[in-house]
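Reckoned from all heavy atoms, side chains included, excluding hydrogens, waters and symmetry mates. Please read all numbers here as calculations on a predicted model, not as lab measurements.
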Amino acid sequence: MVHDTVEVEAPLRQVYDQWTQFEDFPLFMEGVEEVRQIDDRLCHWRTKVAGVTREFDTEIVDQLPDERIAWRTVGGDVRQKGVVTFLRVDDDHTRVSLAMDVEPQGLAEKAGAALGMVDSRVQGDLYRFKQFMEDRDRATGAWRGRLRPGDAPPPPAHASSEPPAAPASPGDPAADPAVPPGPVPPGHM
C-alpha cells in the first residue's frame, strides 16, 4: 500500500476540479502517456515504465465532489485500486492525500516495488500535480458529478470492491471515529 500527501497552494474546489480532468494526467504523472475518458465512470490508460508499455481500464467506484475519488482497474494487465482525498486547509490551501494498492506484475515490477519505486513515483506525481496547480490560476476543466459505489457494476474477479482506506491526517474527520462519514463542513481532503 502506498500513501502520500501534498499541500497545494490553491482553493479546494480548484484542486478537486483539476483532478477530475483525467486526460491531463500525462502533464504531471511520470510514465503516463495517455488517459482517455470513455464515460463518466471509465478511463483507458496507456503507461510506459522502464520501457514496458501497459494498457488498462479504470473504473471510478466512488466520487464525491470536493472530497474523494476512488477507483479500481477493471481490464488490462495492471491491477490496482486507490483513493485520492481532498481536505480544505484554508481558503487558499488544499491537502491532497493518495492511498493506492498496486499488484506488481513480473519480476522487474516486483523488484521495483520492493525498492520503493512505486512510492517514489507517487510522491513525484503528487509534487508535480502541486506545481501544475500552483502555476495556473484555474483548473483546465471540471466534472462535479456524484458516483456512488452501489451504482457501479460488480467488479471483475481480480478487483476488490473496496478502495483502500484514505490515510488519516491530523484534523481529518476520518481519523475521528466520533465524526460520521459524509460531507465535511467548511474548514476538509
If you measure from CG on L98 to NE2 on H3, what distance do you get to the nearest 0.5 Å?
9.5 Å
Residue pairs passing the ring pair (Phe, Tyr, Trp, His ring centres under 6.0 Å) test with at least one member in residues 32-52, sequence neighbours excluded, are F25-W45, W45-F56
Side-chain touch W71/R41, heavy atoms, less than 4.5 angstrom
no
Is any side-chain N of the basic residue among R79 and D101 closer than 4.0 Å to the acidic one's carboxylate O?
no
Minimum side-chain heavy-atom gap V74-L42 below 4.5 Å
yes
Value for OG1 (T73) from CG (D57), rounded to nearest 0.5 Å, stands at 9.0 Å
More than 12 heavy atoms of other residues, nucleotides or ligands under 6.0 Å from CZ of R138: yes or no?
no
Set of residues satisfying side-chain hydrogen bond (donor to acceptor under 3.5 Å, both in side chains) with respect to D39, sequence neighbours excluded:
none
With the side chain counted from C-beta on, respond yes when F22 and I60 share a heavy-atom pair under 4.5 Å apart, and no when they do not.
yes
Nearest-0.5 Å distance that lies between atom CD in E7 and atom NE2 in H93:
5.5 Å
Find out whether R68 and D62 are in side-chain contact, i.e. whether some heavy atom of one side chain is under 4.5 Å from a heavy atom of the other.
yes
Side-chain contact test, heavy atoms from C-beta onward, threshold under 4.5 Å: evaluate it for R54 versus V49 and give yes or no.
no
What's the separation between atom CD1 in I69 and atom CH2 in W143, rounded to the nearest 0.5 Å?
9.0 Å
Less than 4.0 angstrom from a charged side-chain N to a carboxylate O is my criterion; do R128 and E30 meet it?
yes
Taking 4.0 angstrom as the limit, do E55 and R46 come out as a salt bridge?
no
Side-chain contact test, heavy atoms from C-beta onward, threshold under 4.5 Å: evaluate it for M100 versus Q80 and give yes or no.
yes
Kindly compute the distance separating CD (E59) from NZ (K81), expressed to the nearest 0.5 Å.
13.5 Å
Is the closest side-chain heavy-atom distance between V35 and Q37 below 4.5 Å?
no
Just wondering, do V96 and L126 contact through their side chains at under 4.5 Å, heavy atoms?
yes
T94 and A10 have their tightest heavy-atom pair at OG1-O, 2.8 Å
Going from SG on C43 to CD1 on I38, what distance comes out if it is rounded to the nearest 0.5 angstrom?
7.0 Å
